[in-house]
Amino acid sequence: MKKLVSLCIAFLMVGMLSAQTDQEKAAATVNVNTIKSHIYFLADDLLEGRATGTRGNKIAASYLANELRSNGAQPIPGTDSYYQKFDLVKTGAPEYIEISLNGTAYPLKAAFALPAVDESGEAVFLGYGSEEDFNRMTVAGKIVVELGGSAAGEDPGQMFRSTRQKLERAKAKGAKGLVELVQFDEAMWSRLKHYIGGRTTVKDTDDTSETSEMPHLWVNTKSGDPTFTPDMQLSYTLKSDGQSKTTLHTQNVVGILEGTDPQLKNEYVIYSAHYDHVGIGQPNAAGDSIYNGARDNAIGVTAVLSMLENLNKYPTKRSALFILFTAEEMGLLGSQYYAEHPVIPLDQMSYCFNTDGGGYNDTFLATIIGLERTSAQSLIEKGASTFGLKAIGDPAPEQGLFDRSDNVSFAQKGIPAPTYSTGFSSFNDEIFKYYHQASDEADSLDYGYLLKFYQGYVYTGRLIANTPDKLFWNAGDKYEEAGKVLYGLR
């Protein structure tokens with residue numbers, strides 16, 4: 001009799017669980033105490049800002065792997081690990097650079113690429129360095145000197161976009177190096193120099209050769225065009241101790257929960273966020289030098305962990321692939337690495353639901369970068385509004401935010417991939433007060449707002465994972481063609 005009663009209770013509980021709506025299931029597992037526990041740990045000083053390759057970053061990775069394990073997620077197929085390990089090469093700025101052209105020294109300079117060098121020789125000035133300019137002159141064995149950009153009046157972004165093409169032309173013609181002359185005020189130059197001075201790339205494990213990079217510099221002439229004329233022959237001297245190179249060992253954190261539908265479980269929804277931040281920097285007025293990154297991106301990581309806990313208790317029809325990326329702050333390197341080395345074929349990914357953000361200034365909103373670009377728009381709007389938030393699209397398209405977060409690594413492959421962010425309607429002082437600042441602490445957050453935000457995120461994720469529809473890019477989107485190729489829709 002006792003066994004019969006127990007069996008009846010078990011069936012009753014199963015019936016009650018299956019009768020719950022996705023809305024009720026989303027609300028059931030998201031609570032303020034759990035939210036706080038994740039964010040306060042990830043933004044603790046112990047982790048020293050979670051910079052990629054550091055001890056703090058590895059502590060964060062261990063925490064995330066244990067969350068996956070404790071919530072029943074399976075490790076990377078064919079392994080017993082939740083870590084997708086890879087190496088990065090961090091290139092540091094030279095300690096010193098000296099350059100002169102026709103005997104005139106230029107003190108304001110920064111190197112894109114520069115080996116240790118102490119030499120002098122011939123250079124040639126090619127104006128803006130168009131293809132026509134290169135075809136007109138012999139530059140083999142010489143330093144090519146050009147004006148930055150492709151025309152007068154261009155902004156730094158335009159100049160950056162043209163510089164790669166200039167470098168390719170110089171290499172193809174056998175040039176010895178490339179020097180671009182630019183003109184920026186002190187504040188802009190300070191920001192650009194920091195960006196140009198060093199970079200990080202994924203280490204190519206198949207390439208064991210020691211290649212020497214061609215010198216490539218920006219030189220700030222401050223004001224007035226240099227007194228050079230097109231095709232003018234110049235002399236140069238160039239001295240530097242060269243850029244330093246350091247190998248960083250790091251890891252994405254990956255786990256899987258299987259879906260319940262016999263057919264749809266072969267499709268996956270990606271729930272992703274980056275867990276790295278910028279580490280230790282300049283002290284603020286209070287003497288705090290640890291950039292804890294509560295908003296960027298402990299908030300996003302907690303969204304993924306909230307989804308993980310929910311799906312462990314209430315699985316969806318489609319399977320779930322949880323990916324926590326490293327090295328986003330170094331140029332989306334973690335997501336780019338994963339997209340090139342997926343643990344499950346990319347054509348089985350039905351959607352990527354990324355979350356990232358630098359802050360919020362409107363606690364009535366959820367801001368979704370790419371909201372109007374996929375057929376999941378109505379599901380996303382429903383998920384947010386059910387818990388009292390209005391879902392809006394990109395309020396600042398001129399910033400190019402869609403292509404500046406990890407979602408773009410999947411969009412480029414064809415997978416529909418917006419980024420779900422906390423509410424902001426513009427970039428104002430409230431955003432910049434915390435963005436990449438030591439003030440971005442866990443105790444500065446509005447947890448009442450975040451409760452609604454996470455409930456809406458989880459509900460939306462459930463709607464996406466349970467819909468019978470095939471979600472895709474809206475017609476005319478720039479990534480639509482890549483999606484057709486990936487899913488065989490051509």
key: Close side-chain approach of Asp296 and His274, heavy atoms under 4.5 Å   = yes

ask   = Within a strict 4.5 Å, meaning less than it, do heavy atoms of the Lys478 and Arg373 side chains meet?
value = yes

Close side-chain approach of Tyr338 to Ser409, heavy-atom, < 4.5 Å = no

message = Is it true that Glu180 and Thr163 share a donor-acceptor pair across their side chains at a distance under 3.5 Å?
response = yes

ask   = Okay, side chain of Asn361, backbone of Ser425: is any donor-acceptor separation there less than 3.5 Å?
value = yes

ask   = After noting the C-alpha distance and the side-chain angles of Met159 and Val182, does the key distance pass the side-chain contact (heavy atoms from CB on, under 4.5 Å) rule?
value = CA-CA 9 Å; Met159 291 185 181; Val182 297; 4.0 Å; yes

task = To the nearest 0.5 Å, tell me how far Gln336 CD sits from Phe410 CZ.
result = 10.5 Å

query = So, the side chain of Thr460 versus the backbone of Gly456: is there a donor-acceptor pair under 3.5 Å, distance only?
reply = yes

inquiry  = Using the rule given for side chain to side chain donor-acceptor pair (under 3.5 Å), can you reason through Asp44 versus Asn292, listing the C-alpha separation, both sets of side-chain angles and the distance that settles it, and then say yes or no?
reply    = CA-CA 7 Å; Asp44 192 278; Asn292 297 99; over 6 Å; no

message = Is there a side-chain contact (heavy atoms from CB on, under 4.5 Å) between Ser272 and Cys352? Walk through the geometry before answering.
response = CA-CA 7 Å; Ser272 63; Cys352 175; 3.8 Å; yes

Side chain proximity check, Lys390 to Phe364, heavy atoms < 4.5 angstrom = no

ask   = How about Thr250 and Thr52: does a side-chain donor come under 3.5 Å of a side-chain acceptor?
value = no

request  = Check whether any side-chain heavy atom of Tyr275 sits under 4.5 Å from a side-chain heavy atom of Leu42, and report yes or no.
outcome  = no

Heavy-atom check, side chain of Ile344 versus side chain of Ile256, under 4.5 Å = yes

ask   = Counting only N and O atoms by type, is there a donor-acceptor contact under 3.5 Å from the side chain of Lys109 to the main-chain atoms of Ile97?
value = yes

ask   = Between the side chains of Thr326 and Asp276, does any donor sit under 3.5 Å from an acceptor?
value = no

request  = Tell me, please, which residues at least two apart from Ser350 pass side-chain contact (heavy atoms from CB on, under 4.5 Å).
outcome  = Glu267, Val269, Arg318

remark   = OG (Ser190) and CG (Leu108) are apart, to the nearest 0.5 Å, by 11.0 Å

key: Parallel, tilted or perpendicular, as decided by the 30° and 60° cut-offs, for the rings of Tyr420 and Phe453   = tilted

inquiry  = Just checking Gln348: does its CD atom have more than 12 heavy atoms from other residues, nucleotides or ligands closer to it than 6.0 angstrom?
reply    = yes

inquiry  = Less than 3.5 Å apart, any donor N or O on the side chain of Asn407 or Thr419 sitting next to an acceptor on the other?
reply    = yes

query = How would you list, by chain and number, every residue that makes a ring pair (Phe, Tyr, Trp, His ring centres under 6.0 Å) with Phe322, sequence neighbours excluded?
reply = Tyr271

ask   = Excluding sequence neighbours, so at least two apart, what forms ring pair (Phe, Tyr, Trp, His ring centres under 6.0 Å) with Tyr82?
value = none

inquiry  = Please determine whether the number of non-hydrogen atoms from other residues, nucleotides or ligands lying under 6.0 Å from atom NZ of Lys58 exceeds 12.
reply    = yes

note = Rounded to the nearest 0.5 Å, the OG1 atom of Thr374 sits from the OH atom of Tyr351 at a distance of 2.5 Å

task = Would you tell me whether Thr363 and Asp446 have side-chain atoms, one donor and one acceptor, within less than 3.5 Å of each other?
result = no

message = Counting only heavy atoms from other residues, nucleotides and ligands, does the tally under 6.0 Å from CZ of Arg164 exceed 12?
response = no

task = Measure the spacing between CZ of Phe325 and CG of Leu333 and express it to the nearest 0.5 Å.
result = 12.0 Å

query = Does Ala442 have any side-chain contact (heavy atoms from CB on, under 4.5 Å) partners at least two apart in sequence or in another chain, and if so, which?
reply = Ile39, Tyr40, Ala43, Tyr447

query = Counting only N and O atoms by type, is there a donor-acceptor contact under 3.5 Å from the side chain of Asn297 to the main-chain atoms of Thr355?
reply = yes

inquiry  = Please check if the number of heavy atoms outside Asn135 that lie under 6.0 Å from its CG is greater than 12.
reply    = yes

message = With no hydrogens and no angle check, just 3.5 Å: does a side-chain donor-acceptor pair link Asp403 and Gln412?
response = no

message = Any heavy-atom pair between the side chains of Arg295 and Tyr360 that's under 4.5 Å?
response = yes

query = Between the side chains of Tyr434 and Glu441, is a donor N or O closer than 3.5 angstrom to an acceptor N or O?
reply = no

message = Working to the nearest 0.5 angstrom, can you tell me the gap between Thr237 OG1 and Ile99 CD1?
response = 7.5 Å

Side chain to side chain donor-acceptor pair (under 3.5 Å) evaluation trace for Ser405 with Asp356 = CA-CA 7 Å; Ser405 190; Asp356 189 10; 2.8 Å; yes

ask   = Cut-off 3.5 Å, side chains only: do Arg161 and Ser150 have a donor facing an acceptor?
value = no

ask   = Are Thr367 and Ser421 close enough, and set up right, to give a side chain to side chain donor-acceptor pair (under 3.5 Å), and what steps lead you there?
value = CA-CA 5 Å; Thr367 300; Ser421 301; over 6 Å; no

Per-pair distances, 0.1 Å, donor-acceptor, side chain in residues 394-402, under 3.5 Å, sequence neighbours excluded:
unit_1	atom_1	unit_2	atom_2	d
Asp394	OD1	Ala396	N	2.9
Gln399	OE1	Arg404	NH1	3.3

note = Value for CG (Asp87) from CG (Leu248), rounded to nearest 0.5 Å, stands at 8.5 Å

ask   = Distance-only, no hydrogens or angles: does the Ser306 side chain make a donor-acceptor pair with backbone N or O of Thr302 under 3.5 Å?
value = yes

ask   = Are the charged groups of Glu340 and Lys413 less than 4.0 angstrom apart, N to O?
value = yes

ask   = With a 4.0 Å cut-off, would you call Lys484 and Glu480 a salt bridge?
value = yes

key: Side-chain donor/acceptor of Lys166 to backbone N/O of Tyr128, under 3.5 Å   = yes

task = Kindly say whether Gly103 contributes a backbone atom to a donor-acceptor pair with the side chain of Ser100 at under 3.5 angstrom?
result = no

ask   = Between Trp218 and Phe160, does the ring centre distance come in under 6.0 Å?
value = yes

request  = Would you please classify the geometry between the His38 ring and the Tyr63 ring as parallel, tilted or perpendicular, with 30° and 60° separating the classes?
outcome  = perpendicular

key: Intermediate values then yes/no, side-chain contact (heavy atoms from CB on, under 4.5 Å), Phe228 and Leu101   = CA-CA 10 Å; Phe228 304 147; Leu101 300 171; 4.1 Å; yes

ask   = Who passes ring pair (Phe, Tyr, Trp, His ring centres under 6.0 Å) against Tyr337, sequence neighbours left out?
value = Phe86, His341

query = So do Thr91 and Phe112 actually touch side chain to side chain, heavy atoms under 4.5 Å?
reply = no

key: More than 12 heavy atoms of other groups within 6.0 Å of Lys245 NZ   = yes

ask   = Does the distance from a Lys or Arg side-chain N to an Asp or Glu carboxylate O, for Arg169 and Glu146, drop under 4.0 Å?
value = no

ask   = Is there a donor-acceptor pair under 3.5 Å between the side chain of Gln158 and the backbone N or O of Asp155?
value = yes

ask   = Is it true that a side-chain atom of Asp45 and a backbone atom of Ile290 form a donor plus acceptor pair closer than 3.5 Å?
value = no

Gln84 backbone acceptor or donor facing Asn252 side chain under 3.5 Å = no

